[in-house]
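Model, not experiment: these values are computed from the prediction.
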Amino acid sequence: MTRTPLETPPAPTAALGPILHVAERRTAAAFMPLIAETLRGLARQGVHSTLLTNDEELILRLGDAAVGAHLVRDLSGWRAWPLWRYLRRQVLPQPSVVHLWGTTGLGWIRQWTQTARLPLIVHALNRRHHRRLESLRAGPHEWRISSVRSGEVGEVVPGGVRDLPAAFVPLSAPAARPESAICSVLAVTSFAQYTGCAALLEAVAQFAPGGERVQVALLGAGPGIEPVWQKLRELNLGACVSLLDTPQLWDRVLPEVDIVVVPAEEQEYALVALSAMGHAKPVIAARQQRGPWFHEDRTCWMFTPGSATELAYLLARVLEKPAQAAELAASAREYARAHHPLAVLLQRLGELYTEVAQSSRNG
């Protein structure tokens with residue numbers, strides 16, 4: 001039997017010293033499935049990993065994986081000022097490489113790694129992380145990787161940015177959901193992108209007047225929620241739209257929904273759509289996405305940004321033409337399995353850790 005890339009066991013990673021992974025609470029919550037499964041996968045490869053975080057749930061998600069853990073109070077802000085002292089005294093043995101997921105806490109972690117002369121990898125997981133890295137000069141022995149640009153693997157150079165493929169959380173084949181007259185929709189976005197939120201709500205009002213055919217979970221982040229609430233009340237959609245400012249719930253909701261909508265250019269949670277494709281969920285997205293996994297009519301259906309009419313048409317298309325929706329979802333899942341399996345990310349990380357550690361020793 002031929003195995004898919006997802007099912008192929010990763011090749012053993014060359015011997016490495018300890019790798020310290022750092023994930024602040026907000027980053028851990030937003031990308032918990034990816035971070036947890038990556039750490040578990042590295043442990044299976046024999047990579048000695050330790051996690052530093054202020055998110056207890058992330059530690060619990062590691063289960064029985066052979067990953068050490070340090071639970072600290074804070075990794076950013078003024079409360080994190082004792083962090084460098086804790087790292088100097090408690091994180092033993094000294095890691096070969098420090099891998100910071102996201103950019104929160106970069107100041108304190110960089111202060112420690114520069115003092116201890118440790119190589120630091122900063123991993124951008126969304127466009128906000130990437131923009132911050134572009135605005136900051138890299139420190140000595142600092143490498144930067146991004147999972148939100150082209151998805152191709154480039155040359156690693158200190159101070160440059162290497163593209164590292166993103167990965168959806170590997171799961172078994174999705175279970176068939178019972179047929180229902182109610183269509184469930186998940187959208188994760190920033191409330192500040194009001195045009196996208198408004199278009200989604202107007203589309204729901206057109207697609208299902210009175211809300212009798214649809215239930216929407218709109219998970220948003222950041223400021224700007226009040227205009228969205230006003231639009232929700234104006235359209236009288238309170239019975240069918242749940243507006244929540246806890247976007248980290250997406251990985252719990254995703255397996256249960258019928259459709260995933262990306263209503264605007266996604267800056268924070270573009271990986272949610274990739275995970276949805278891996279779960280074989282039809283994805284509908286505004287035609288302005290930067291993630292390399294958005295391919296119109298192959299991995300998602302797309303609409304003109306801000307067009308509630310086009311979005312309403314595509315929502316109806318999923319419900320009224322289930323064979324077409326199922327074909328799209330199957331195509332998207334095959335794409336995600338072929339181009340973004342966890343095994344590829346683990347292989348690239350193992351190679352990167354070895355290269356960075358060797359470069360640091362030679363430097």
Using a 4.5 Å cut-off on heavy atoms from C-beta on, say whether the side chain of Val22 contacts that of Leu20. yes
Membership question, hydrophobic clusters at under 4.5 Å side-chain separation (ILVMFWY): are Leu52 and Leu60 in the same one? no
Kindly say whether Glu265 contributes a backbone atom to a donor-acceptor pair with the side chain of Gln288 at under 3.5 angstrom? yes
Minimal heavy-atom distance between Ala357 and Ser96, with the atoms involved, is CB-CB, 4.4 Å
The criterion is ring-ring contact (aromatic ring centres under 6.0 Å, His included); which residues satisfy it with Tyr86, sequence neighbours excluded? His70
Using the rule given for side chain to side chain contact (heavy atoms under 4.5 Å, CB included), can you reason through Leu244 versus Leu218, listing the C-alpha separation, both sets of side-chain angles and the distance that settles it, and then say yes or no? CA-CA 6 Å; Leu244 305 172; Leu218 177 53; over 6 Å; no
For residues 302-324, which residue pairs pass the salt bridge (charged side-chain N to carboxylate O under 4.0 Å, His left out) check, not counting sequence neighbours? Arg213-Glu320
Which side-chain N or O atoms in residues 225-235 pair as donor and acceptor under 3.5 Å with protein atoms at least two apart or in another chain?
from: Glu226; atom 1: OE2; to: Arg233; atom 2: NH2; distance (Å): 3.2
from: Lys231; atom 1: NZ; to: Glu202; atom 2: OE2; distance (Å): 2.8

By side chain to side chain donor-acceptor pair (under 3.5 Å) - contacts of Arg40 (at least two apart): none
Result for side chain to side chain contact (heavy atoms under 4.5 Å, CB included) between Pro263 and one of Ile284, Val188, Thr189 points to Thr189
According to side chain to side chain donor-acceptor pair (under 3.5 Å), does anything in residues 242-252 pair up with another residue at least two apart or in another chain? List the pairs. Glu57-Arg252, Arg61-Asp251
Non-hydrogen side-chain atoms of Arg79 and Arg73 separated by less than 4.5 Å: yes
Donor-acceptor pair, side chain of Asp55 and main chain of Ala28, under 3.5 angstrom: no
Is there a donor-acceptor pair closer than 3.5 Å between any side-chain N or O of Trp108 and the backbone N or O of Gly77? yes
Heavy atoms only: give me the nearest Met302-Ala286 pair and the separation to one decimal. CE-O, 3.4 Å
Is the shortest side-chain heavy-atom distance between Leu118 and Pro95 below 4.5 Å? yes
Is there a donor-acceptor pair under 3.5 Å between the side chain of Arg144 and the backbone N or O of Leu133? yes
Give, for atom CG of Asn54 and atom CG of Leu75, the distance between the pair rounded to the nearest 0.5 Å. 4.5 Å
Is it true that the side chains of Ser146 and Asp163 contain a donor and an acceptor less than 3.5 Å apart? no
Is any side-chain heavy atom of Gln267 less than 4.5 Å from a side-chain heavy atom of Ser190? no
Start with the C-alpha distance between Asp74 and Leu83, add both sets of side-chain angles, then the distance that settles side chain to side chain contact (heavy atoms under 4.5 Å, CB included), and finish with yes or no. CA-CA 8 Å; Asp74 286 290; Leu83 181 61; over 6 Å; no
Ring centres under 6.0 angstrom apart (Trp293, His339): no
So NE2 of His340 and OG of Ser275: to nearest 0.5 Å the spacing works out to 11.0 Å
Minimum heavy-atom distance Leu346-Gly41, with the two atoms named: CD1-CA, 3.7 Å
Would you find a donor on one side and an acceptor on the other, under 3.5 Å apart, between the side chain of Lys281 and the backbone of Val257? yes
Rounded to the nearest 0.5 Å, what's the gap from CD on Glu37 to CE on Met32? Could you check? 12.0 Å
Using side chain to side chain donor-acceptor pair (under 3.5 Å) as the criterion, list what pairs up with Tyr335, not counting sequence neighbours. His295
Validation row: Ser184, Glu256 side chains within 4.5 angstrom (heavy atoms): no
Please assess His123 against Leu125 for the test side chain to side chain contact (heavy atoms under 4.5 Å, CB included), listing each intermediate value before the final yes or no. CA-CA 6 Å; His123 191 166; Leu125 295 165; 3.7 Å; yes
Please enumerate all residues that pass salt bridge (charged side-chain N to carboxylate O under 4.0 Å, His left out) together with Glu266, with sequence neighbours excluded. none
Side chains of Leu39 and Leu51, heavy atoms from C-beta outward: is any pair under 4.5 Å? yes
Taken in chain and number order and not counting sequence neighbours, the residues that satisfy salt bridge (charged side-chain N to carboxylate O under 4.0 Å, His left out) with Arg287 are Glu296
List the atom of Trp101, the atom of Ala23, and the distance in Å for their closest heavy-atom pair. CB-CB, 4.4 Å
Are any of the side-chain heavy atoms of Leu342 and Phe168 separated by less than 4.5 Å? no
Polar side-chain atom of Ser359 near backbone of Glu355 as donor-acceptor pair, under 3.5 Å: no
Interatomic spacing from CG in Leu345 to OG1 in Thr38 - rounded to 0.5 Å: 4.5 Å
Donor-acceptor pair, side chain of Thr113 and main chain of Pro119, under 3.5 angstrom: no
Could you tell me if Thr50 and His21 have a donor-acceptor pair between their side chains, going purely by distance under 3.5 Å? no
Got a second to check how far Leu200's CG is from Leu315's CG, nearest 0.5 Å? 7.5 Å
My understanding is that only residues two or more places apart in sequence, or in another chain, count here; which of them pass side chain to side chain donor-acceptor pair (under 3.5 Å) with Tyr353? His99
Roughly how far, to the nearest 0.5 Å, is the CG atom of Leu311 from the CH2 atom of Trp301? 12.5 Å
So Glu142 and Arg110, do their side chains get closer than 4.5 Å, heavy atoms only? yes
Kindly give the heavy-atom pair with the smallest separation between Ser147 and Ala166, and that separation in Å. O-CB, 3.7 Å
Which is it for Val122 and Leu120 under the side chain to side chain contact (heavy atoms under 4.5 Å, CB included) test, yes or no, and what are the steps along the way? CA-CA 6 Å; Val122 187; Leu120 170 64; 3.9 Å; yes
Which residues share a ring-ring contact (aromatic ring centres under 6.0 Å, His included) with His129, sequence neighbours left out: none
Quick one: do Glu134 and Arg132 make a salt bridge, cutoff under 4.0 Å? no
Applying salt bridge (charged side-chain N to carboxylate O under 4.0 Å, His left out), which residue pairs with at least one partner in residues 20-35 are found, sequence neighbours left out? Glu24-Arg26
Write down the atom of Ala221, the atom of Pro247, and the distance for their closest heavy-atom approach. CB-CG, 3.7 Å
Apply salt bridge (charged side-chain N to carboxylate O under 4.0 Å, His left out) to Arg131 and list each qualifying residue two or more places apart in sequence or on a separate chain. none
